[in-house]
Amino acid sequence: MPHDHHDHLSPSGHPYRADQDAPLTYWQTMEIAMRELLVEKGVTTHEEITAQIEAMDRRSPADGAQVVARAWCDPAFKAELLRDARQSVIDMGFELGPMNLIVVENTADVHNVIVCTLCSCYPRNLLGLPPDWYKQRAYRARVVKEPRKVLSEFGLNLPDDVQVRVHDSTADMRYIVLPERPANTEHLSQSELETLITRDSMIGVARAKAP
Amino acid sequence: MPDTVKVRAMFPPGHIRTPYYLRGKIGTVERALGPFGNPEVQAYRQTGVKRDLYRVRFTMAEIWGDEAENPGDTLDAEIFAHWLEKID
């Protein structure tokens, strides 16, 4: 009975989040001290820090979807994207910072999926924050060993004649998958196509949505 | 013909980006990525020298042997040159 424990659940049935009454941890204290020093010495300002947090929060899979939809519509762009993804995406106006990017293309014969077994490397500048499952040991350990089983648990069952390529982001590259363009989308505009391109389809645990 | 390489089966302490499950495994160079800072020294605030980084492709059969889910599926990982030895 999910609604029985009134002491721990809000009227909507969600657990209350505990207030942060504990003392600051070592690293919280360190972060505050460092931030205040940088502001005091004129290296940065509170406004700059807030603006940067807002810029980071604005990143989302919709950014990656713009790149993918353009690649579906523009063969010359797609060829250049597969050759030099970083420059192609920068040329579209995205801020990648120092992030190196490789785009891997799904076809009728090949399905790509991305992981970082060592930690949680993810193309944040293009997709925003990674989902929690991407950072968990279960996904990281299993997708390199039994990718087809993991994909089937996401609802993606691949035929045996489709080759699965797992990409482990072990060093300086970040990856996105260029999913296959769904069938019966010839009549859709580039911006309509963008709505079919999900975060999961760019990690490679799903296909792009059908229209 | 892409180069065939073997990941060195070394087990040094420290901050190592070569995944344990690929050490001693044989793959082919998918592409050369160019020189990058070496995380093994950067983790200790040393600049060090840049090392060439490669994307190496392994078959699941090579990595997992008889336990492979589908032997012909592949895994690509980025491996620094000093972890690779070229084999014929």
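Proteins come first, then strands; the chains are lettered A, B, ... in the order of their sequence lines, and each starts at number 1. Basis for what follows: all heavy atoms, side chains included, without hydrogens, waters or symmetry-related copies.
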*Asks:* Measure the shortest side-chain to side-chain distance between Ile102(A) and Arg55(B) over non-hydrogen atoms and say whether it is less than 4.5 angstrom.
*Replies:* yes
*Asks:* To the nearest 0.5 Å, how far apart are CG in Leu53(B) and CG in Asp172(A)?
*Replies:*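 Answer rounded to 0.5 Å: 6.0 Å.
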*Asks:* Is any side-chain heavy atom of Leu75(B) closer than 4.5 Å to a side-chain heavy atom of Arg165(A)?
*Replies:* no
*Asks:* Drop me the distance from Arg17(B)'s CZ to Cys119(A)'s SG, to the nearest 0.5 angstrom.
*Replies:* 6.5 Å
*Asks:* Which bit of Asn112(A) is near chain B, if near means a heavy-atom gap under 4.5 Å: side chain, backbone, both or neither?
*Replies:*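 Answer is neither: Asn112(A) stays 4.5 Å or more from chain B.
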*Asks:* Is the shortest side-chain heavy-atom distance between Lys145(A) and Glu69(B) below 4.5 Å?
*Replies:* no
*Asks:* Does anything in residues 34-54 of chain A get under 4.5 Å of chain B by heavy atoms, and if so which residues?
*Replies:*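 Contacts with chain B: none.
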*Asks:* How many angstroms lie between CG in Asp76(B) and CG in Asp168(A), if you round to the nearest 0.5 Å?
*Replies:* 9.5 Å
*Asks:* Where on Tyr21(B) is there a heavy atom nearer than 4.5 Å to chain A: the side chain, the backbone, both, or neither?
*Replies:*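 Only the side chain of Tyr21(B) comes within 4.5 Å of chain A.
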*Asks:* For residues 79-88 of chain B, give me every residue with a non-hydrogen atom less than 4.5 Å from any non-hydrogen atom of chain A.
*Replies:* Phe80(B)
*Asks:* For the OG1 atom of Thr170(A) and the CD1 atom of Ile16(B), what is their distance to the nearest 0.5 Å?
*Replies:*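 Thr170(A) atom OG1 to Ile16(B) atom CD1 measures 12.5 Å (nearest 0.5 Å).
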*Asks:* Take atom CE in Met56(A); do more than 12 heavy atoms of anything else shown fall under 6.0 Å from it?
*Replies:*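 12 or below, so no.
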*Asks:* Would you give the length of the straight line joining atom OG1 of Thr74(B) to atom NE2 of His167(A), rounded to the nearest 0.5 angstrom?
*Replies:*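 Rounded to the nearest 0.5 Å, the OG1-NE2 separation comes out at 6.5 Å.
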*Asks:* Tell me whether the count of non-hydrogen atoms from other residues, nucleotides or ligands lying under 6.0 Å of OH in Tyr20(B) goes above 12.
*Replies:*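 For Tyr20(B), atom OH is not crowded (no more than 12 foreign heavy atoms under 6.0 Å).
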*Asks:* Tell me if the NZ atom of Lys78(A) is crowded by more than 12 foreign heavy atoms within 6.0 Å.
*Replies:*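 12 or below, so no.
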*Asks:* Just wondering, more than 12 heavy atoms not from Lys6(B) lying within 6.0 Å of its NZ?
*Replies:* no
*Asks:* Rounded to the nearest 0.5 Å, how far does CH2 of Trp64(B) lie from CD of Glu146(A)?
*Replies:*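 It is 10.0 Å, given to the nearest 0.5 Å.
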*Asks:* Below 4.5 Å from any heavy atom of chain B, which atoms of Val162(A) appear? Answer side chain, backbone, both or neither.
*Replies:*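 Backbone of Val162(A) only, per the 4.5 Å heavy-atom cut-off to chain B.
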